[in-house]
Colleague: 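Mind having a look at this structure? Questions to follow.
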Amino acid sequence: MKTYSKREFLKMMGLGVAFMPFISCFGNSNNNQAAAPGLTKDKEHPEDPKSGSATPDDITKAAPGDVILLTRSDAAYASFNTAFNARVKKMPKYIALCKTPKGVQMAVAFAKQQKLPTAVKSGGHSFEGFSSNDGGLVINVSQMKKITWTANNMVTIEPGCLLEEIQAALFAKKQLIPSGSCGTVGIAGLTLGGGYGFFSRKYGLTCDSLQALDIVAGDGKTYHSSGKEELLWACKGGGNGNFGVVTQFQFKTQPMPATFTSIVLKFRNLNTDHFYTVLSQWFETTPKLAPEDFSAFVLNGSTLTILCTTYGNNNNLERNIQALTGIADTVNKSMNQNLPQAMKRYYGRKGPILFKNASAGLYKDFGDIKAIATQIFNSVVQNKGLIYQINTLGGNINNTDFEQGSCYPHRALPYLSELQAYWENPAQEAKLLKAFQGIQELILAAGITAQYRNYPDINFKNWQQAYYGQHYAKLQTIKGQYDPENLFQYPQSITL
Ligand SMILES: Cc1cc2nc3c(=O)[nH]c(=O)nc-3n(C[C@H](O)[C@H](O)[C@H](O)COP(=O)(O)OP(=O)(O)OC[C@H]3O[C@@H](n4cnc5c(N)ncnc54)[C@H](O)[C@@H]3O)c2cc1C
């Protein structure tokens, strides 16, 4: 049994002493089972949370290299309680800072024993703060960052890895996973809700590259997904904090193209007519894109930016977007850049920042938003801080094998829209959020109901169908199998 001093333990967790002065660290335990029984299951009070319950010190004592339980009075609590979105403020009763799968098992057992509503946090980028809660337990796996190569360029990744860390590791081997572009987004939340980015029209969503996973489920048991096809299916698009804590992902990887090309088109001082013309042209042009190509249509005030990208030896992008470049005010080309370097340009801000972002519908084509396009434009122009964006999906995302292997339900919809609001002065928030909601209502009234789970909006009324389509009932059944007491919950979690 190894006993850790406070200083040793803080070092293990990668933190300065000044950061966590009140955390006690104690002896080790060899208990490798799912439940915390080794912690607290004394013979007299095997399960009763009231009479025989574990205290935060008990759980930390039992496996100090695996988990520490922070309470609000611990100095480190605040730093692990931050989220990328500064708007969403939660105060969990406990944060279980896990270093290993065993630590996660113990944290889940503790939550079960104490009957604590439990959330899971990896990269902390949930738009609506679904990786935390008020008064419950948050299982924080942000420190679990191992990346291990296995045969055939497969890679196992722990859930605390951020996209920039994964890119660094994979690009060094000239491989990649199709994922998002923001460097500080967590691979865990991204994959479990779908995940898309520059490479998705060629290689599918991030979840489509997922081959296997390990999860500590709400029933307290640890599962590997082999032979559990339905569990894997459910975690590919519906796995965010619904069934348990994923402690390891196994991905196939793709060869990394050496180069990346981006072409940025700007349209300034738009009026409604001009906006409408360019938008309709964008919808006419984007079906011509190759699977390697991607485009984003970003309206910020009366300035429109259209980003078009491609990579590798695909030289047709310029020809594919000719109709758009012909009408743009300016065209800025960065041809055949070194790909790893080029990716860093999209890493974005580190946060926390004040914002509200949400899915603003998945579309089939221009026809879906034609009738409301100018109203959206007027609202964005009138409300500084609002951004309306549409990204291309489609391509191989709409592949039948991928469709059957995952619960992501919107493959036939090749456009994903995202509404964004940013402010620095809290006094701006109410007006922006009102305008934001107004656009969301316009979109709903236009009959657009499909939404992306990784871009949640707390105000979606029929979120079950919006995120999961026809699969929601099956996901509920799977929830019942793996989390029968609904331990894992948040405002839009799958219910029993
Ligand atoms: C700046 C920014 C850029 C983004 N860019 C993209 C993009 O390019 N493409 C894209 O597809 N999405 C993008 N997103 C959305 C992103 O995919 C989601 O916010 C994602 O859920 C974040 O995952 P996370 O691990 O960082 O967040 P967290 O807040 O830690 O978790 C998000 C959700 O996943 C659950 N979860 C986290 N870890 C686990 C786990 N180990 N086991 C089970 N459940 C878990 C949480 O409970 C929560 O419900 C972006 C978001 C932001 C804020």
Side-chain angles (χ1 to χ4, degrees), residues 80 82-88 90 92 98 101 104 107-108 117-133 136-144 157-166 178-200 204-207 213-218 231 234-235 237-249 294 296 343 346-353 355-359 389 391 393 397 408 416 418 420 422 452-456 467 482-483 488-494:
F80 286 100
T82 55
F84 185 78
N85 193 345
R87 176 178 59 91
V88 182
K90 308 266 182 186
C98 297
V104 175
V108 171
T118 301
V120 194
K121 182 166 170 180
S122 291
H125 274 54
S126 170
F127 286 173
E128 294 286 11
F130 291 162
S131 45
S132 191
N133 58 35
L137 173 75
V138 171
I139 298 183
N140 183 317
V141 291
S142 63
Q143 310 290 296
M144 295 173 64
I157 296 180
E158 286 194 331
C161 290
L162 308 180
L163 298 186
E164 62 192 10
E165 295 162 345
I166 292 170
S179 64
S181 46
C182 178
T184 54
V185 166
I187 188 71
L190 180 101
T191 305
L192 294 169
Y196 78 95
F198 294 128
F199 306 96
S200 296
L205 300 173
T206 314
C207 69
L213 55 75
D214 291 343
I215 185 169
V216 182
L231 176 64
C235 286
N240 298 95
N242 285 316
F243 312 113
V245 186
V246 176
T247 55
Q248 183 167 278
F249 299 87
F294 167 87
M343 289 300 104
Y346 301 96
Y347 280 179
R349 287 164 66 180
K350 289 259 183 250
I353 55 175
F355 70 98
K356 178 167 170 99
N357 287 8
S359 174
Q389 179 163 349
N391 298 313
L393 297 179
I397 291 172
Y408 176 82
L416 167 62
E418 182 185 5
Q420 309 170 32
Y422 300 94
Y452 178 35
R453 163 58 185 85
N454 266 346
Y455 290 173
Y467 299 147
Y482 290 95
D483 184 17
F488 289 91
Q489 53 179 274
Y490 52 88
Q492 293 181 344
S493 58
I494 292 167

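Order of listing sets the numbers, starting from 1, for every ligand and every atom in it.
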Colleague: I want to know if ligand 1 touches G123 in the polar sense, i.e. an N/O pair below 3.5 angstrom.
Modeller: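 So ligand 1 has an N or O lying under 3.5 Å from an N or O of G123.
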Colleague: Below the 3.5 angstrom mark, is there an N/O of Y455, backbone or side chain, next to an N/O of ligand 1?
Modeller: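 In this structure, Y455 places no N or O atom under 3.5 Å from an N or O of ligand 1.
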Colleague: Could you tell me whether N357 approaches ligand 1 through its side chain, its backbone, both or neither, with non-hydrogen atoms closer than 4.0 Å?
Modeller: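 N357 to ligand 1: no contact under 4.0 Å from either part.
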Colleague: Check for me whether F488 has a heavy atom closer than 4.0 Å to any atom of ligand 1.
Modeller: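 Heavy atoms of F488 never come under 4.0 Å of ligand 1.
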Colleague: Does ligand 1 have an atom under 4.0 Å from some heavy atom of G193?
Modeller: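 Checking ligand 1 against G193, which is what was asked, there is no heavy-atom contact under 4.0 Å.
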Colleague: For ligand 1, find out whether one of its N or O atoms is nearer than 3.5 Å to an N or O atom of Y490.
Modeller: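 N/O-N/O distance below 3.5 Å does not exist for this pair.
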Colleague: N/O of T184 under 3.5 Å from N/O of ligand 1, yes or no?
Modeller: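 Looking only at distances, the answer is no, because the N/O contact criterion of under 3.5 Å is not met.
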Colleague: For the residue pair Y196 and Y452, does the interplanar ring angle fall in the parallel (under 30°), tilted (30 to 60°) or perpendicular (over 60°) class?
Modeller: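 Perpendicular.
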Colleague: Does ligand 1 come near enough to V246 that some N or O of the ligand is less than 3.5 Å from an N or O of the residue?
Modeller: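 Such a contact does occur with ligand 1.
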Colleague: Please examine the side chains of E418 and F127, heavy atoms only from C-beta on, and report whether any two atoms are closer than 4.5 Å.
Modeller: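 Yes, close enough: below the 4.5 Å cut-off.
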Colleague: If you count the atoms of ligand 1 from 1 in the order shown, which ones are under 4.0 Å from a heavy atom of V185?
Modeller: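 Listed by number with element: 2 (C), 3 (C), 4 (C), 26 (O), 50 (C), 51 (C), 52 (C).
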Colleague: Can you confirm, on distance only, whether ligand 1 has an N/O atom lying under 3.5 Å from any N/O atom belonging to A188?
Modeller: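 By distance alone, the answer is no.
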Colleague: Give the atom numbers and elements of ligand 1 that come within less than 4.0 Å of a heavy atom of L190.
Modeller: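 Heavy-atom distances to L190 below 4.0 Å select 9 (N), 10 (C), 11 (O), 12 (N), 17 (O), 20 (C), 23 (O).
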Colleague: Checking contacts here: is it the side chain or the backbone of R453 that comes within 4.0 Å of ligand 1, counting heavy atoms only? Could be both or neither.
Modeller: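 The answer is the side chain of R453.
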Colleague: Consider every N or O of G180 and every N or O of ligand 1, then say whether any pair is closer than 3.5 Å.
Modeller: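 There is no such contact.
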Colleague: Heavy atom under 4.0 Å from ligand 1: found in P159's side chain, backbone, both, or neither?
Modeller: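 Looking at P159 and ligand 1, just side chain atoms fall under 4.0 Å.
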Colleague: Determine whether the side chain, the backbone, both or neither of S126 has a heavy atom under 4.0 Å from any heavy atom of ligand 1.
Modeller: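 Under 4.0 Å from ligand 1, S126 contributes backbone and side-chain atoms.
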Colleague: Has G124 got any heavy atom lying under 4.0 angstrom from an atom of ligand 1?
Modeller: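 A heavy atom of G124 does come that close to ligand 1.
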Colleague: Can you see which heavy atom on A86 is nearest to which on P352, and at what distance?
Modeller: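 Between these two residues, the closest heavy atoms are CB-CB, 4.0 Å.
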Colleague: Pairs of nitrogen or oxygen atoms closer than 3.5 Å, one from I187 and one from ligand 1: do any exist?
Modeller: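 No; every N/O pair is 3.5 Å or more apart.
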Colleague: Any N/O of F355 closer than 3.5 Å to an N/O of ligand 1?
Modeller: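 In fact, backbone or side chain, F355 has no N or O that close.
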